[in-house]
Engineer: 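I am attaching a structure below and will ask some questions about it afterwards.
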Amino acid sequence: MARPLLFVTRRLPDPVMATIRERFRLFVEPSDDSPTREALVAGAREAEALICTLTETIDEALLAASPRLRVVANCAVGFNNIAVSAAKARGIVVTNTPDVLTDATADLTWALLLALARRIVEGHALVQSGRWRGWGPTQLLGTDLTGKTLGIVGMGRIGQAVARRAPGFEMTVIYHSRRALPDSAQSSTWRSVTMDELLSGSDVLTLHLPLTDDTRHIIGREQLRRMKPTALLINTSRGPVLDEAALSEALRAGRLAGAGLDVYEHEPRIQPELMGLAQVVTLPHLGSATLATRSRMGMMCVENVEAVLAGRPAPNAV
Ligand code: GLV
């Protein structure tokens, strides 16, 4: 039987590509870069299955021009890049990659938080510059985390994994989530609070929300004003949940002590005002970027595609 025709938009880790080449016919050999819109349309038009990433927009027009397409497997947990209802209306299954990236993303959240609180990036730059003159009693003084309050916006899988790492730092966890946590997920030491209490009570505020119409700019000028001027803000979710212009204003006015960002409103562009600020640490969207995690995500896409093409329910349909 002929292997099904699959369009993979970008090169995935080698073990995943090896499995894909064995089980499918590839429309084109993917490269590290995102395809042009024309290449994406051309591939989706022919293929029975599409494995894409968060950098490709899978909109209604593209789906309408793809008569053979049965499944779109997004190699990401967030799926704001896909017109899900338009896909459903055409009988095209959309899948994502939950769970497997939870720990990697929670780890990266803490990496950003520690980098910011302890001025790791500035320290590295100083040593590398060759201008370091030795230990100094007032050099690069940071912020203690022990005993502070960690505020979490969005207590889904990743928010919970971030909270589970907090006891090691003896931090108190407060959170605000639209959905109540199931008892099995609840910890007696986490406290659910209103958004106002979260904003005013957090020493560190970290965002773990999907991007939807309701969450766009959920942290804007108003919300930033209610935060402590000593607070640190971390975002490893999706850039547009945070108003970047309002953030840079708050940082420059000293109304917020620092920000650790892995995601941006208009990736790969970033507000020019956020460049060159010592109290900002910026990463290039690395939340799930470990070899093991990205390989699991890729394999999950393969499993979802195979299930749909075999007429079985997709394990991770959204
Ligand atoms: C990454 O940003 C993801 O949504 O998996």
Side-chain angles (χ1 to χ4, degrees), residues 8-13 15-17 30 32-34 50-59 71-84 87 93-113 152-162 177-179 206-219 233-242 244 259-270 281-305 314-318:
V8 181
T9 58
R10 301 184 74 166
R11 199 167 66 84
L12 299 172
V16 182
M17 289 312 306
D32 283 331
D33 297 324
S34 202
L50 176 65
I51 295 183
C52 61
T53 75
L54 56 93
T55 50
E56 289 86 53
T57 302
I58 310 298
D59 54 20
V71 51
V72 176
N74 205 33
C75 197
V77 68
F79 47 86
N80 52 287
N81 56 314
I82 303 178
V84 176
V93 179
V94 177
T95 70
N96 70 342
T97 60
D99 301 315
V100 292
L101 49 66
T102 299
D103 287 323
T105 308
D107 288 348
L108 191 92
T109 303
W110 278 94
L112 259 180
L113 170 46
I152 303 181
V153 188
M155 203 55 151
R157 286 173 288 246
I158 298 171
Q160 290 171 39
V162 169
S177 210
R178 281 160 310 160
R179 270 182 279 161
T206 181
L207 313 181
H208 300 286
L209 297 152
L211 175 62
T212 64
D213 289 342
D214 295 338
T215 63
R216 192 173 295 275
H217 283 193
I218 199 166
I219 302 296
L233 178 62
I234 311 289
N235 190 11
T236 59
S237 61
R238 281 291 181 269
V241 304
L242 174 62
E244 250 174 50
L261 306 173
D262 187 39
V263 290
Y264 307 89
E265 270 198 80
H266 307 287
E267 292 177 18
R269 280 177 290 125
I270 154 168
V281 175
T282 51
L283 294 180
H285 204 147
L286 294 180
S288 63
T290 71
L291 178 59
T293 295
R294 286 279 167 83
S295 301
R296 280 191 213 111
M297 290 163 69
M299 289 311 296
M300 224 162 156
C301 292
V302 171
E303 284 154 22
N304 278 289
V305 164
N316 310 101
V318 302

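First listed ligand is number 1; within each ligand, the first listed atom is number 1. Quick caveat: nothing in here was measured; it's all calculated off a predicted structure.
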Engineer: A104 and T293: which non-hydrogen atoms are nearest, and at how many Å?
Structural biologist: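 Scanning both residues completely, I find the closest heavy atoms to be CB-OG1, 3.6 Å.
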Engineer: For a side-chain hydrogen bond (donor to acceptor under 3.5 Å, both in side chains) check, start with the C-alpha distance between N316 and N304, then their side-chain angles and the critical distance, and finish with the verdict.
Structural biologist: CA-CA 7 Å; N316 310 101; N304 278 289; 2.9 Å; yes
Engineer: Once salt bridge (Lys or Arg N to Asp or Glu O under 4.0 Å) is applied, do any residues pair with D213, and if so which ones, sequence neighbours excluded?
Structural biologist: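 Checked D213 against salt bridge (Lys or Arg N to Asp or Glu O under 4.0 Å); zero matches.
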Engineer: Looking at V84 and F79, what are the two nearest heavy atoms and their distance?
Structural biologist: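 Looking at all heavy atoms of both residues, the closest pair is CG2-CD1, 3.7 Å.
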Engineer: Can you tell which of T206, N235, D262 makes a side chain to side chain contact (heavy atoms under 4.5 Å, CB included) with L112?
Structural biologist: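 One option only clears the test, and that one is D262.
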Engineer: For the residue pair G78 and R238, what are the closest heavy atoms and their distance?
Structural biologist: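 That would be CA-NH2, 3.5 Å.
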Engineer: If you count only heavy atoms, which residues are under 4.0 Å from ligand 1?
Structural biologist: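 L54, A76, V77, G78, L101, R238, H285.
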